[in-house]
Amino acid sequence: MSKDNKSGGKTATDPSAKDTHYATLRRAHRDAKRERGEIPTPQPQKRKRGGEDWKPPALAPDQVHLYGLHTVRAALDNPERKKIKLFVTQNALARLEVDVEALGMPFEIVSPQEIDKVLGPEAIHQGVMLETRPLPVRRLEALKESPLLLVLDQVTDPHNVGAIMRSAVAFNAGAVITTQRHSPTESGVLAKSASGALELIPYIQVTNLADALGELHKLGFSTIGLDSEGPAPLEGTFSGEKVALVLGSEGKGLRQKTRETVNALARLDMPGSIKSLNVSNAAAIALYAARLHLKA
(Lines give C-alpha, C1' and ligand atoms only; values in the text may rest on other atoms or scores of the structure.)
Protein backbone atom coordinates (compact mmCIF):
# COMPACT_ATOMS: atom_id res chain seq x y z
CA MET A 1 0.00 0.00 0.00
CA SER A 2 1.39 3.41 -0.90
CA LYS A 3 1.96 6.02 1.77
CA ASP A 4 -0.43 8.96 2.20
CA ASN A 5 0.49 12.14 0.37
CA LYS A 6 1.19 14.38 3.38
CA SER A 7 1.41 17.53 1.26
CA GLY A 8 -2.24 17.22 0.38
CA GLY A 9 -1.51 17.00 -3.37
CA LYS A 10 -2.75 14.33 -5.75
CA THR A 11 -0.68 11.27 -6.55
CA ALA A 12 -0.02 10.07 -10.06
CA THR A 13 -2.39 7.13 -9.51
CA ASP A 14 -5.18 9.30 -8.08
CA PRO A 15 -8.16 9.11 -10.51
CA SER A 16 -9.06 12.73 -9.76
CA ALA A 17 -5.65 13.82 -11.07
CA LYS A 18 -6.52 12.29 -14.46
CA ASP A 19 -9.88 14.06 -14.39
CA THR A 20 -8.16 17.37 -13.75
CA HIS A 21 -5.74 16.75 -16.62
CA TYR A 22 -8.51 15.95 -19.08
CA ALA A 23 -10.56 18.96 -17.91
CA THR A 24 -7.57 21.20 -18.64
CA LEU A 25 -7.26 19.72 -22.14
CA ARG A 26 -10.97 20.25 -22.78
CA ARG A 27 -10.78 23.91 -21.69
CA ALA A 28 -7.75 24.49 -23.96
CA HIS A 29 -9.63 22.87 -26.87
CA ARG A 30 -12.70 25.10 -26.26
CA ASP A 31 -10.53 28.24 -26.01
CA ALA A 32 -8.85 27.41 -29.33
CA LYS A 33 -12.23 26.96 -31.04
CA ARG A 34 -13.43 30.32 -29.64
CA GLU A 35 -10.32 32.04 -30.99
CA ARG A 36 -11.10 30.59 -34.45
CA GLY A 37 -14.70 31.78 -34.15
CA GLU A 38 -16.13 28.28 -34.31
CA ILE A 39 -18.10 28.69 -31.07
CA PRO A 40 -19.36 31.90 -29.43
CA THR A 41 -17.64 33.52 -26.47
CA PRO A 42 -19.98 33.57 -23.46
CA GLN A 43 -21.02 37.00 -22.23
CA PRO A 44 -19.52 37.98 -18.86
CA GLN A 45 -22.03 37.90 -16.05
CA LYS A 46 -22.08 40.57 -13.39
CA ARG A 47 -21.58 39.42 -9.85
CA LYS A 48 -24.92 39.32 -8.10
CA ARG A 49 -25.22 40.46 -4.51
CA GLY A 50 -28.91 39.91 -4.08
CA GLY A 51 -29.79 43.48 -5.02
CA GLU A 52 -31.81 43.09 -8.22
CA ASP A 53 -34.93 44.44 -6.51
CA TRP A 54 -33.12 47.02 -4.38
CA LYS A 55 -34.62 50.48 -4.16
CA PRO A 56 -32.82 53.38 -2.46
CA PRO A 57 -34.35 54.43 0.86
CA ALA A 58 -35.86 57.89 1.02
CA LEU A 59 -33.42 60.39 2.53
CA ALA A 60 -34.34 63.61 4.28
CA PRO A 61 -33.04 66.82 2.64
CA ASP A 62 -30.48 67.21 5.43
CA GLN A 63 -29.36 63.57 5.42
CA VAL A 64 -26.25 62.29 3.63
CA HIS A 65 -24.75 58.79 3.69
CA LEU A 66 -20.98 58.75 3.16
CA TYR A 67 -19.13 55.51 2.59
CA GLY A 68 -15.68 54.10 1.90
CA LEU A 69 -12.66 54.13 4.21
CA HIS A 70 -10.94 57.27 2.85
CA THR A 71 -14.19 59.19 2.59
CA VAL A 72 -15.43 58.36 6.08
CA ARG A 73 -12.02 58.87 7.67
CA ALA A 74 -11.79 62.35 6.15
CA ALA A 75 -15.35 63.17 7.27
CA LEU A 76 -14.60 62.07 10.84
CA ASP A 77 -11.54 64.34 10.86
CA ASN A 78 -13.51 67.35 9.58
CA PRO A 79 -14.70 69.52 12.49
CA GLU A 80 -17.23 71.24 10.21
CA ARG A 81 -18.97 67.96 9.40
CA LYS A 82 -22.00 67.18 11.59
CA LYS A 83 -21.88 63.42 12.22
CA ILE A 84 -24.97 61.47 13.20
CA LYS A 85 -24.06 57.77 13.36
CA LEU A 86 -21.33 55.41 12.17
CA PHE A 87 -22.13 51.97 10.79
CA VAL A 88 -19.07 49.75 10.45
CA THR A 89 -18.13 46.09 10.15
CA GLN A 90 -15.68 44.59 12.62
CA ASN A 91 -13.03 44.22 9.92
CA ALA A 92 -13.51 47.75 8.60
CA LEU A 93 -13.29 49.15 12.12
CA ALA A 94 -9.73 47.86 12.41
CA ARG A 95 -8.84 49.35 9.01
CA LEU A 96 -10.51 52.67 9.79
CA GLU A 97 -7.89 53.28 12.52
CA VAL A 98 -10.05 55.51 14.71
CA ASP A 99 -11.07 55.28 18.34
CA VAL A 100 -14.84 55.08 17.96
CA GLU A 101 -15.35 55.36 21.70
CA ALA A 102 -13.66 58.79 21.61
CA LEU A 103 -15.73 60.07 18.68
CA GLY A 104 -18.58 61.13 20.92
CA MET A 105 -21.20 59.81 18.52
CA PRO A 106 -23.30 56.65 18.20
CA PHE A 107 -21.85 53.75 16.26
CA GLU A 108 -23.04 50.26 15.41
CA ILE A 109 -21.17 47.13 14.38
CA VAL A 110 -23.00 45.70 11.38
CA SER A 111 -22.57 43.15 8.59
CA PRO A 112 -21.69 44.17 5.00
CA GLN A 113 -25.15 43.02 3.92
CA GLU A 114 -26.81 45.50 6.27
CA ILE A 115 -24.92 48.37 4.62
CA ASP A 116 -25.82 46.95 1.20
CA LYS A 117 -29.49 47.30 2.09
CA VAL A 118 -29.03 51.05 2.56
CA LEU A 119 -26.51 51.90 -0.18
CA GLY A 120 -27.37 49.29 -2.77
CA PRO A 121 -25.45 46.37 -4.27
CA GLU A 122 -23.17 48.52 -6.47
CA ALA A 123 -21.74 50.76 -3.73
CA ILE A 124 -18.13 49.90 -2.84
CA HIS A 125 -18.50 50.82 0.81
CA GLN A 126 -15.59 48.77 2.21
CA GLY A 127 -17.67 47.96 5.28
CA VAL A 128 -18.23 51.49 6.56
CA MET A 129 -21.03 54.06 6.26
CA LEU A 130 -21.44 57.39 8.04
CA GLU A 131 -24.76 59.17 8.37
CA THR A 132 -24.15 62.93 8.38
CA ARG A 133 -25.61 66.34 7.68
CA PRO A 134 -24.48 68.28 4.57
CA LEU A 135 -21.52 70.60 4.95
CA PRO A 136 -22.23 74.29 5.70
CA VAL A 137 -23.07 76.50 2.72
CA ARG A 138 -20.09 78.54 1.50
CA ARG A 139 -20.19 81.98 -0.11
CA LEU A 140 -17.97 83.50 -2.79
CA GLU A 141 -16.94 86.31 -0.46
CA ALA A 142 -14.89 83.83 1.55
CA LEU A 143 -12.54 83.25 -1.40
CA LYS A 144 -10.70 86.58 -1.39
CA GLU A 145 -7.42 85.05 -0.24
CA SER A 146 -7.34 82.15 -2.69
CA PRO A 147 -5.37 82.68 -5.94
CA LEU A 148 -6.82 79.68 -7.81
CA LEU A 149 -10.41 78.53 -8.27
CA LEU A 150 -12.18 75.95 -10.40
CA VAL A 151 -15.61 76.73 -11.89
CA LEU A 152 -17.82 74.04 -13.45
CA ASP A 153 -20.55 74.93 -15.93
CA GLN A 154 -23.16 72.19 -15.44
CA VAL A 155 -20.82 69.21 -15.13
CA THR A 156 -23.43 66.60 -14.22
CA ASP A 157 -21.57 63.35 -13.49
CA PRO A 158 -20.77 63.03 -9.74
CA HIS A 159 -17.84 60.75 -10.57
CA ASN A 160 -16.29 63.48 -12.73
CA VAL A 161 -16.95 66.17 -10.14
CA GLY A 162 -15.43 63.99 -7.43
CA ALA A 163 -12.31 63.37 -9.53
CA ILE A 164 -12.09 67.11 -10.23
CA MET A 165 -12.25 67.81 -6.50
CA ARG A 166 -9.29 65.50 -5.91
CA SER A 167 -7.23 67.37 -8.51
CA ALA A 168 -8.33 70.72 -7.08
CA VAL A 169 -7.12 69.72 -3.63
CA ALA A 170 -3.89 68.32 -5.05
CA PHE A 171 -3.12 71.66 -6.72
CA ASN A 172 -4.29 73.68 -3.70
CA ALA A 173 -7.26 75.37 -5.36
CA GLY A 174 -9.44 77.43 -3.04
CA ALA A 175 -12.83 76.06 -4.09
CA VAL A 176 -14.88 74.23 -6.68
CA ILE A 177 -17.78 76.40 -7.81
CA THR A 178 -20.72 74.96 -9.74
CA THR A 179 -24.37 75.57 -10.56
CA GLN A 180 -27.26 74.48 -8.38
CA ARG A 181 -29.10 73.10 -11.39
CA HIS A 182 -27.65 70.35 -13.57
CA SER A 183 -24.86 69.64 -11.08
CA PRO A 184 -24.55 66.89 -8.47
CA THR A 185 -25.48 67.72 -4.91
CA GLU A 186 -23.48 66.44 -1.97
CA SER A 187 -23.91 62.67 -1.90
CA GLY A 188 -22.20 59.41 -1.10
CA VAL A 189 -21.30 58.84 -4.77
CA LEU A 190 -19.75 62.30 -5.08
CA ALA A 191 -17.86 61.94 -1.81
CA LYS A 192 -16.60 58.44 -2.66
CA SER A 193 -15.33 59.65 -6.06
CA ALA A 194 -13.60 62.57 -4.32
CA SER A 195 -11.92 60.12 -1.91
CA GLY A 196 -11.86 62.56 1.00
CA ALA A 197 -11.44 65.76 -1.03
CA LEU A 198 -15.03 66.86 -0.33
CA GLU A 199 -13.98 67.52 3.26
CA LEU A 200 -10.93 69.52 2.21
CA ILE A 201 -12.25 72.06 -0.31
CA PRO A 202 -15.38 74.24 -0.39
CA TYR A 203 -18.01 73.01 -2.87
CA ILE A 204 -19.99 76.14 -3.71
CA GLN A 205 -23.22 75.93 -5.71
CA VAL A 206 -24.56 79.16 -7.20
CA THR A 207 -27.93 79.97 -8.75
CA ASN A 208 -26.55 82.06 -11.63
CA LEU A 209 -23.11 81.25 -12.98
CA ALA A 210 -22.75 84.42 -15.03
CA ASP A 211 -23.46 86.55 -11.95
CA ALA A 212 -20.97 84.47 -9.95
CA LEU A 213 -18.29 85.05 -12.59
CA GLY A 214 -19.03 88.77 -12.35
CA GLU A 215 -18.45 88.61 -8.59
CA LEU A 216 -15.15 86.83 -9.16
CA HIS A 217 -14.09 89.62 -11.53
CA LYS A 218 -14.81 92.13 -8.75
CA LEU A 219 -12.65 90.04 -6.41
CA GLY A 220 -9.76 90.35 -8.85
CA PHE A 221 -9.93 86.99 -10.60
CA SER A 222 -9.07 86.48 -14.25
CA THR A 223 -11.60 83.94 -15.56
CA ILE A 224 -10.51 81.60 -18.35
CA GLY A 225 -12.96 79.29 -20.08
CA LEU A 226 -11.57 76.08 -21.55
CA ASP A 227 -12.84 75.51 -25.07
CA SER A 228 -11.55 73.16 -27.76
CA GLU A 229 -11.98 76.00 -30.27
CA GLY A 230 -10.36 78.61 -28.04
CA PRO A 231 -8.34 81.27 -29.91
CA ALA A 232 -5.09 80.66 -28.01
CA PRO A 233 -3.36 77.92 -26.01
CA LEU A 234 -4.08 77.97 -22.28
CA GLU A 235 -0.47 78.52 -21.23
CA GLY A 236 -0.36 81.80 -23.19
CA THR A 237 -3.68 83.10 -21.87
CA PHE A 238 -2.95 83.51 -18.15
CA SER A 239 -2.76 86.97 -16.64
CA GLY A 240 -2.88 88.48 -13.17
CA GLU A 241 -2.31 86.97 -9.75
CA LYS A 242 -5.71 85.30 -9.37
CA VAL A 243 -7.05 82.70 -11.81
CA ALA A 244 -10.45 81.02 -12.07
CA LEU A 245 -10.57 78.16 -14.56
CA VAL A 246 -13.99 77.51 -16.08
CA LEU A 247 -14.85 74.09 -17.56
CA GLY A 248 -18.00 73.07 -19.39
CA SER A 249 -20.23 70.01 -19.26
CA GLU A 250 -19.18 66.59 -20.52
CA GLY A 251 -21.07 66.84 -23.80
CA LYS A 252 -21.93 70.45 -24.65
CA GLY A 253 -18.97 72.26 -23.12
CA LEU A 254 -19.38 75.87 -22.02
CA ARG A 255 -22.77 77.49 -22.46
CA GLN A 256 -22.96 80.57 -24.67
CA LYS A 257 -23.64 82.93 -21.74
CA THR A 258 -20.60 81.56 -19.93
CA ARG A 259 -18.43 81.99 -23.03
CA GLU A 260 -19.52 85.61 -23.24
CA THR A 261 -18.88 86.29 -19.54
CA VAL A 262 -15.37 84.90 -18.99
CA ASN A 263 -12.37 87.16 -19.56
CA ALA A 264 -10.83 84.80 -22.10
CA LEU A 265 -11.32 81.50 -23.91
CA ALA A 266 -8.39 79.10 -24.27
CA ARG A 267 -7.72 75.64 -25.57
CA LEU A 268 -5.58 72.74 -24.45
CA ASP A 269 -3.26 71.97 -27.36
CA MET A 270 -2.74 68.22 -27.78
CA PRO A 271 -0.25 66.98 -30.39
CA GLY A 272 -1.67 63.45 -30.51
CA SER A 273 -4.47 62.07 -32.66
CA ILE A 274 -7.03 62.44 -29.83
CA LYS A 275 -8.02 66.09 -29.44
CA SER A 276 -10.46 65.95 -26.53
CA LEU A 277 -10.20 64.77 -22.94
CA ASN A 278 -12.56 63.81 -20.16
CA VAL A 279 -13.44 66.94 -18.18
CA SER A 280 -11.69 65.66 -15.05
CA ASN A 281 -8.45 65.04 -16.98
CA ALA A 282 -8.69 68.47 -18.61
CA ALA A 283 -9.17 70.03 -15.19
CA ALA A 284 -6.02 68.41 -13.84
CA ILE A 285 -3.92 69.63 -16.77
CA ALA A 286 -5.36 73.14 -16.55
CA LEU A 287 -4.73 73.30 -12.80
CA TYR A 288 -1.11 72.29 -13.33
CA ALA A 289 -0.65 74.99 -15.98
CA ALA A 290 -2.29 77.59 -13.74
CA ARG A 291 0.04 76.71 -10.88
CA LEU A 292 3.05 77.19 -13.13
CA HIS A 293 1.77 80.65 -14.02
CA LEU A 294 1.08 81.62 -10.41
CA LYS A 295 4.57 80.52 -9.33
CA ALA A 296 6.28 82.56 -12.05
Side-chain angles (χ1 to χ4, degrees), residues 64-81 83 92 95-98 119 122-130 132 134-138 140 142-143 145-180 182-206 224-226 234 243-251 253 268 270 276-295:
V64 177
H65 285 148
L66 304 179
Y67 57 89
L69 290 170
H70 290 299
T71 302
V72 170
R73 192 180 294 121
L76 293 174
D77 289 339
N78 185 1
E80 295 188 357
R81 171 72 71 176
K83 300 96 174 174
R95 299 172 62 196
L96 196 58
E97 298 177 338
V98 296
L119 299 178
E122 301 302 321
I124 305 175
H125 52 70
Q126 298 175 292
V128 59
M129 179 182 75
L130 179 65
T132 78
L135 288 169
V137 175
R138 304 293 186 91
L140 294 179
L143 305 175
E145 304 304 319
S146 175
L148 179 59
L149 302 176
L150 205 55
V151 182
L152 306 180
D153 185 8
Q154 296 190 349
V155 177
T156 58
D157 189 338
H159 298 92
N160 278 335
V161 176
I164 288 169
M165 281 187 173
R166 293 182 64 186
S167 296
V169 171
F171 289 103
N172 201 28
V176 173
I177 302 168
T178 187
T179 54
Q180 287 185 350
H182 306 293
S183 297
T185 58
E186 185 178 333
S187 67
V189 174
L190 174 63
K192 183 67 166 64
S193 301
S195 191
L198 179 61
E199 312 298 324
L200 302 174
I201 188 170
Y203 182 53
I204 302 174
Q205 293 186 291
V206 298
I224 302 176
L226 267 69
L234 176 62
V243 174
L245 299 166
V246 188
L247 290 91
S249 65
E250 294 90 342
L268 290 177
M270 288 166 280
S276 63
L277 294 173
N278 175 278
V279 64
S280 63
N281 293 331
I285 294 172
L287 286 165
Y288 177 75
R291 271 295 160 198
L292 290 180
H293 161 73
L294 293 172
K295 286 182 179 180

Check [X] against [Y] and note the closest heavy-atom contact, atom names and distance.
| X | Y | answer |
| --- | --- | --- |
| Leu190 | Pro184 | CD2-O, 4.5 Å |
| Gln126 | Ala92 | O-CB, 3.4 Å |
| Leu226 | Ala286 | CD2-CB, 3.8 Å |
| Val64 | Gly188 | CG1-N, 4.5 Å |
| Ala284 | Phe171 | O-CE1, 3.8 Å |
| His125 | Leu119 | CB-CD1, 3.7 Å |

Taking the side chain from [X] and the backbone from [Y], do they hold a donor-acceptor pair closer than 3.5 Å?
| X | Y | value |
| --- | --- | --- |
| Arg81 | Glu199 | no |
| Lys192 | Gly162 | no |
| Thr71 | Leu66 | no |

Which value, rounded to the nearest 0.5 Å, describes the distance between [X] atom [atom1] and [Y] atom [atom2]?
| X | Y | atom1 | atom2 | value |
| --- | --- | --- | --- | --- |
| Ser249 | Gln154 | OG | CD | 7.0 Å |
| Leu245 | Ile285 | CG | CD1 | 12.0 Å |
| Asp157 | Ser280 | CG | OG | 9.0 Å |
| Ile164 | Tyr203 | CD1 | OH | 9.0 Å |
| His70 | Arg166 | NE2 | CZ | 8.0 Å |
| Glu186 | Leu198 | CD | CG | 5.0 Å |

Side-chain donor-acceptor pairs of residues 172-180 under 3.5 Å, sequence neighbours excluded:
from	atom 1	to	atom 2	distance (Å)
Thr178	OG1	Leu152	O	3.4
Thr178	OG1	Ser183	OG	2.8
Thr179	OG1	Arg181	O	2.7
Thr179	OG1	Ser183	OG	2.8

Check whether any side-chain heavy atom of Val98 lies under 4.5 Å from a side-chain heavy atom of Val72, and answer yes or no.
->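 Counting from C-beta outward, Val98 and Val72 never come under 4.5 Å.
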